[in-house]
Amino acid sequence: MRWSRYLIPTTKEVPKDAVVASHQLMLRAGLIRQLAAGVYSYLPLGYRALRKVERIVREEMDRAGAIELHMPVMHPIELWEQTGRTQAMGDVLLRLAGPDGDWRTQTVLGPTHEEPVTEIARAYLNSYRILPVTLYQIQVKFRGEARPKSGVLRTREFLMKDAYSFDRDKEGLDASYKRMYEAYCRIFSRCGLPYIAVEAESGPIGGDASHEFMVLTDAGEDFVALTENSDYAANTERAVCAPLAQDNAAMLPIQEVHTPGQRTIDEVCAFLKTRPSQMIKTLVYVETARPATAGTPSAKSTAEEPAPVVVLVRGDHEVNENKLNRVSGARLQLAPPDIIRKLTGADVGFAGPHTLDKSGMKYRLIVDQAVSVMRNAATGDNKTDYHALNVNPTRDFPLTGDNVTVADVRTVVNGDLSPTGSGSPIRLRKAIEVGHVFKLGTKYSDAMRATFLDSDGKPKPLIMGCYGIGLNRIMAAAIEAHHDDGGIIWPLSIAPFQVLIIALDPREKDVMETADKLYKELNAAGLDVLFDDRDERAGFKFKDADLIGIPLRITVGRKALAEGVVELKGRSRPDVEKFAPDAVVRRVKELVQATS
Ligand code: ATP
Ligand code: MG
């Protein structure tokens, strides 16, 4: 491709709203252009890189035995109602608007494709003889993301490779999952991503086991918990740690203190001269909907309103709502002030676990493990403007009983210890999720009655797995991982072009002829070559070259040519090598072959 006839709108300006490096560089290098919030066009250079990612993904899916198909973006809403996901997805599920009863109001835009693929499986995967089958597509997804962010890392329209496996039994699913997991490792390695696989939360997709593939970078929105000795890695949405040890200090008598207007942990700590780790946060929740997931023990149901759930975590810890929902068997949300007042007899901000029974109201108590081993904690006194000191589990509130559960319901923090028992401390790191694999089980096949006839002649639900990769995110994550002050440093495998030829003095006949010849020869050798034939200053061209980050650069200039050489430089290396024009073609071919 000749630069002068191509479209690469580079710019020096750092766009104001672009904070993370990949976003800034993708705009500055002319890879993408924003059309609306969270909606981007891929300009020619960006599209070439995206297509390279796509090719790697397709090759590895095919190699893993997955079968490509293509499903529609428009789905009948009725399909999503069958699985209850119109509700679970909330505003993420985009609906077409139209007059009442119109087909538009019955149509949603696919944020993922479990429902349509299960509809296909229900129709055609009817016998154990056909199984296992893994189907995949590379296709656009639509999601009503509330806060599109960081360029193409979080958008409302994006390209996903989504695959779905169908098996006879759990062992089959394990094997399909492993095959996809390994294919993912190959995909991310080939794309030049420094990734790690971590245990993950399944979220509204459902299912029991899942892993996310993460690229560690501050540009990410996720936090992963990694142990220093690398024996454990999990998304903090799910991460667990070794239980904390019992504090054995002697129990002191409870003491009531007047704490006028001091509500938050920080205010109370400053006032009482204590530390957040010595405080109990008492939070009151109520149920929104249930059950959250099939198979978890559900709250004891009564005819009237379900009882509020009081949750205790240490002052320096946060409730992990995924864990809490699982433990409670319901989907919980913070209670409105009137319920808190009714239960505690105090304004919001003064709740404590030790005198809750005085209201006579029924409630469930969930005590985080870290609270259960505390001694002489400070907490609200269930009395407006008062706190209590020296509150002790067992003595002052129960750890056992019908309505009491002690469990891990908090998010891990820096310094917690590995759940493997190795004693290695956990560190939290920011990361970008580039891929996610789930064992779904029968969630969708049950809801949509997708069964097959097994060898015993009995109909059984298909056992499913699903596997997603964000192609745009791979591209941005690769830039996050590989750039410097000058611009992008593309991994050769996904670079829009492999080689850039710069003609330094394009008005010189010799220079242009040599550059042109190299361009033709490299093209003929099957390489992707960009030829900067623009009539611009050398400095300007070098700056652009660094910005767009093509891995190999050949410079043809008058001075070097007079010595019979051209210059070869790798984008990631400072040194320049000199070659005769004929030899450079061979050298470039070698370098490309060595990395592909
Ligand atoms: P997140 O937690 O970041 O919102 P998710 O868990 O909802 O993502 P999945 O449903 O697992 O995402 O989708 C599979 C893959 O699709 C993700 O691993 C990610 O690479 C990509 N992806 C998801 N949402 C977006 C988005 N809004 N923009 C770009 N890529 C996305
Ligand atoms: Mg995910």
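For the numbers below, each heavy atom of this structure counts, side chains included, while hydrogens, waters and symmetry mates do not. In listed order, ligands and their atoms are each counted from 1.
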Inset, instruction - Pick, from E114, R143, E212, the option with the minimum heavy-atom distance to atom 9 (P) of ligand 1. - result: R143
Inset, instruction - Answer yes or no: does atom NZ of K460 have more than 12 heavy-atom neighbours from other residues, nucleotides or ligands under 6.0 Å? - result: yes
Legend entry - Proximal ligand 1 atoms for E145, defined as those under 4.0 Å from one of its heavy atoms: 24 (N), 26 (C), 27 (N)
Legend entry - More than 12 heavy atoms from other groups under 6.0 Å of CZ on R55: no
Legend entry - Flag, side chain of D416 to backbone of V413, donor-acceptor distance under 3.5 Å: yes
Inset, instruction - Over 60° means perpendicular and under 30° means parallel, so classify the ring planes of Y184 and F213, tilted if in between. - result: tilted
Inset, instruction - Could you name the option among G470, S210, A476 that has the heavy atom nearest to atom 21 (C) of ligand 1? - result: G470
Legend entry - N/O separation below 3.5 Å, V152 to ligand 1: no
Inset, instruction - Examine the proximity of ligand 1 to V434 and report which part, side chain or backbone, both or neither, has a heavy atom under 4.0 Å away. - result: backbone
Inset, instruction - Check the pair R326, D408 against salt bridge (Lys or Arg N to Asp or Glu O under 4.0 Å), reporting the backbone distance first and the verdict last. - result: CA-CA 10 Å; R326 245 195 311 272; D408 169 17; over 6 Å; no
Inset, instruction - Establish, yes or no, whether the cationic atom of R48 lies under 6.0 Å from the six-membered ring centre of F497 and within 45° of the ring axis. - result: yes
Legend entry - F158 ring center within less than 6.0 Å of Y40 ring center: no
Inset, instruction - May I ask you to identify, for R156, whether its side chain, its backbone, both or neither come under 4.0 Å of ligand 1 on a heavy-atom basis? - result: neither
Legend entry - Proximity winner for atom 13 (O) of ligand 1, if only heavy atoms of H436, K141, M160 are counted: M160
Inset, instruction - Mind telling me whether H75 and W80 have parallel, tilted or perpendicular rings, with 30° and 60° as the class edges? - result: parallel
Inset, instruction - Give yes or no for whether the N/O distance cutoff of 3.5 Å, strictly under, is met between R154 and ligand 1. - result: yes
Legend entry - Winner among T155, L159, I474 once heavy atoms are compared against atom 28 (N) of ligand 1: T155
Inset, instruction - Number the atoms of ligand 1 from 1 as they appear, then name those within less than 4.0 Å of a heavy atom of G435, with their elements. - result: 18 (O)
Inset, instruction - Answer yes or no: does an N/O atom from D222 fall short of 3.5 Å to an N/O atom of ligand 1? - result: no
Legend entry - Options F213, F158, F438, F142, ranked by nearest heavy atom to atom 26 (C) of ligand 1, top entry: F158
Inset, instruction - Answer with yes or no whether T112 contacts ligand 1, where contact means a heavy atom under 4.0 Å from a ligand atom. - result: no
Inset, instruction - Verify the neighbour count for atom CZ of R122: are there more than 12 heavy atoms of other residues, nucleotides or ligands below 6.0 Å? - result: yes
